[in-house]
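Keep in mind the model is a prediction, meaning the values are calculated, not measured.
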Amino acid sequence: MRILHTADWHLGDRLGRIDRTDDLRRAVERVAAHCKEQNVDVLLVAGDLFSELARPDGLRETIRHWQEVFRDFLETGGTILTLTGNHDNENFCQTLVSAMSLASPTIGRPGEVVPPGRLYLAAEPTFLRLEDRTDGFPVQFVLMPFPTPHRFFRGDAALKYGSPEEKNALLVSAWADALREIRAHPKYDPTAPAVLSAHVHVHGSTVGPSLFRITIEEDVVVEGADLPQQFDYVALGHIHKPQVVGAPHMRYCGSIERMDLGEQGDQKGVVLVDIGRTGRNGEPEVLPLPSTPIYEVVVLDPAQDIPRLREEFPDAQNDLVNLQIRYTSGKDQLEDVLRDLDRIFPRWYARDWQETGALGPTLVNPAEGAGGKGFGETVREYLGQELVQHDEGERDAILKIADGLLKELEN
């Protein structure tokens, strides 16, 4: 059984003013191409399929895109196994699970041999089996979503902690208990091939420059020293930095795209692994995924730096860029500087500018300049520009809140 391990798709995500939909859809299409080229049987997505920033209409279009991209894979007997991550909306994912259960009511019993050619989403600890399409032997899959109180606590356990640290300690214990219960299930065969997929932070892994929109204090770190001996392959998601943890067959595949500046040096990819009747065949293989360049550009002297940047970055139209600009009033025209940089780096996702000698960034409307505007007018115009890519209703709501706060300050 050929398994392709991927994770952390974050479909529908944004980076500053930039909608990442097209970047991420291209990455999903590359994953689908690997499935076809490598004759994959199971696509295993280890959590965070969706972004918490995705709107309902975006989620609908995302699922429609899946149908198009993976139709041939599913129609020819391929299977997609997925589980929920910390960025997946629990209510939305649980609704998907309930709808799929209505379509096939027999699915969901622990240790069930499920039919191929379908997508399965685990919103709670799940144990299922799939039969190899060629030789018919079963492979056991244990799917462990990101540990949250709703997914892992039972009874009144959620009421027993008084601090985030206590909650995390209880979640670590609940995660280990759930995994232990699955392995003790009557249908679980410790001598048969078994694959674990989990969206979790395993002790001993390397986080990299930062976790993606989560702090160490908020994260749940579980022990994983015994996992390589218990499973033929451990497919991890949550940490975006690709890496081996403890053994070659226990690894994070990483995200399918560079999601923020902390991932600028990562080589993205997916992991291919073969599982035979008696266990893993050979070592996992990493298949690379091209990803969007992301970097920071610092402009200290616009008159000298902008001509140089034009020459150094002639093909930066698709790059994601964080612009840090310093200019001198009376020498540099900020409006012209911003316009020139916008032409070189049209997909800048954040920019900050500082006048030489100023203590902080100058808050002005780049299209108009300072022009003697009052604080309130400057803030309103700034927000109007920065929110231009957002949904109209969302933009109006934010501007209404800002207007109320500004009126309080003005009074």
Side-chain angles (χ1 to χ4, degrees), residues 13-20 23 53 207-213 215 240-241 257-266 291-390 395 398-399 401-403 405-406 409-410:
D13 201 53
R14 301 182 63 87
L15 181 61
R17 62 189 279 270
I18 300 298
D19 186 337
R20 299 299 309 278
D23 294 337
L53 303 179
V207 173
S210 65
L211 282 168
F212 186 65
R213 296 191 192 130
T215 66
H240 290 191
K241 184 178 180 61
E257 254 285 5
R258 295 181 178 121
M259 302 306 300
D260 61 21
L261 193 60
E263 301 176 34
Q264 63 178 320
D266 290 355
S291 50
T292 305
I294 180 170
Y295 46 86
E296 182 178 73
V297 169
V298 178
V299 176
L300 298 177
D301 184 345
Q304 294 186 12
D305 291 344
I306 289 177
R308 173 180 57 79
L309 291 171
R310 283 198 192 97
E311 294 183 6
E312 291 182 4
F313 298 94
D315 302 310
Q317 286 73 23
N318 194 49
D319 297 358
L320 297 165
V321 181
N322 181 351
L323 293 171
Q324 299 295 320
I325 306 158
R326 193 171 181 180
Y327 73 100
T328 302
S329 180
K331 175 185 175 185
D332 306 305
Q333 293 295 322
L334 180 60
E335 178 183 352
D336 294 338
V337 171
L338 296 176
R339 186 184 300 113
D340 289 342
L341 290 171
D342 189 67
R343 289 170 181 156
I344 302 171
F345 307 108
R347 295 190 78 204
W348 59 267
Y349 65 88
R351 64 184 182 187
D352 199 7
W353 55 87
Q354 182 179 22
E355 184 180 351
T356 300
L359 295 177
T362 306
L363 187 63
V364 299
N365 182 346
E368 299 293 339
K373 294 184 176 66
F375 176 77
E377 184 181 0
T378 300
V379 171
R380 290 182 181 96
E381 290 186 359
Y382 174 82
L383 287 174
Q385 178 197 7
E386 293 300 314
L387 296 171
V388 69
Q389 299 291 337
H390 288 242
R395 181 172 66 249
I398 294 173
L399 290 174
I401 293 171
D403 191 57
L405 293 171
L406 288 168
L409 290 172
E410 290 167 357

Pick out which of Val299, Leu323, Leu334 makes a side-chain contact (heavy atoms from CB on, under 4.5 Å) with Trp353.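 Result for side-chain contact (heavy atoms from CB on, under 4.5 Å) with Trp353: Leu334.
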
To the nearest 0.5 Å, tell me how far [X] [atom1] sits from [Y] [atom2].
X	Y	atom1	atom2	answer
Ile344	Leu309	CD1	CG	5.5 Å
His240	Phe212	NE2	CZ	6.0 Å
Thr356	Leu300	OG1	CG	9.0 Å
Trp348	Arg17	CH2	CZ	4.0 Å

Return the set of residues passing side-chain contact (heavy atoms from CB on, under 4.5 Å) with Ile401 (not counting sequence neighbours), or none when no residue passes. Leu405

Heavy atoms, side chains only, cut-off 4.5 Å: are [X] and [Y] in contact?
X	Y	value
Glu296	Leu261	yes
Arg20	Thr292	yes
Ile325	Leu338	yes

Only counting residues at least two apart or in another chain, list the ones meeting ring pair (Phe, Tyr, Trp, His ring centres under 6.0 Å) with Phe345.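 Testing Phe345 for ring pair (Phe, Tyr, Trp, His ring centres under 6.0 Å), a comparison that skips the adjacent residues, returns Phe313.
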
Non-neighbouring partners of [X] that pass salt bridge (Lys or Arg N to Asp or Glu O under 4.0 Å), sequence neighbours left out:
X	answer
Asp260	none
Arg308	Asp305, Glu312
Asp301	Lys331

Would you be so kind as to tabulate the donor-acceptor pairs closer than 3.5 Å made by side chains of residues 314-322, with sequence neighbours excluded?
from, atom 1, to, atom 2, distance (Å)
Asn318, OD1, Arg347, NH1, 2.9
Asp319, OD2, Tyr295, OH, 2.6
Asn322, OD1, Gln324, NE2, 3.0

Scanning both residues in full, the closest heavy-atom pair of Leu15 with Met259 reads CD1-O, 3.7 Å

Quick one: does Arg258's side chain have a donor or acceptor within less than 3.5 Å of a partner on Asp266's backbone?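 The answer is yes, because a donor-acceptor pair under 3.5 Å joins these two groups.
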
Residues which pass side chain to side chain donor-acceptor pair (under 3.5 Å) with Arg339, listed by chain and number, not counting sequence neighbours: Glu335, Asp336

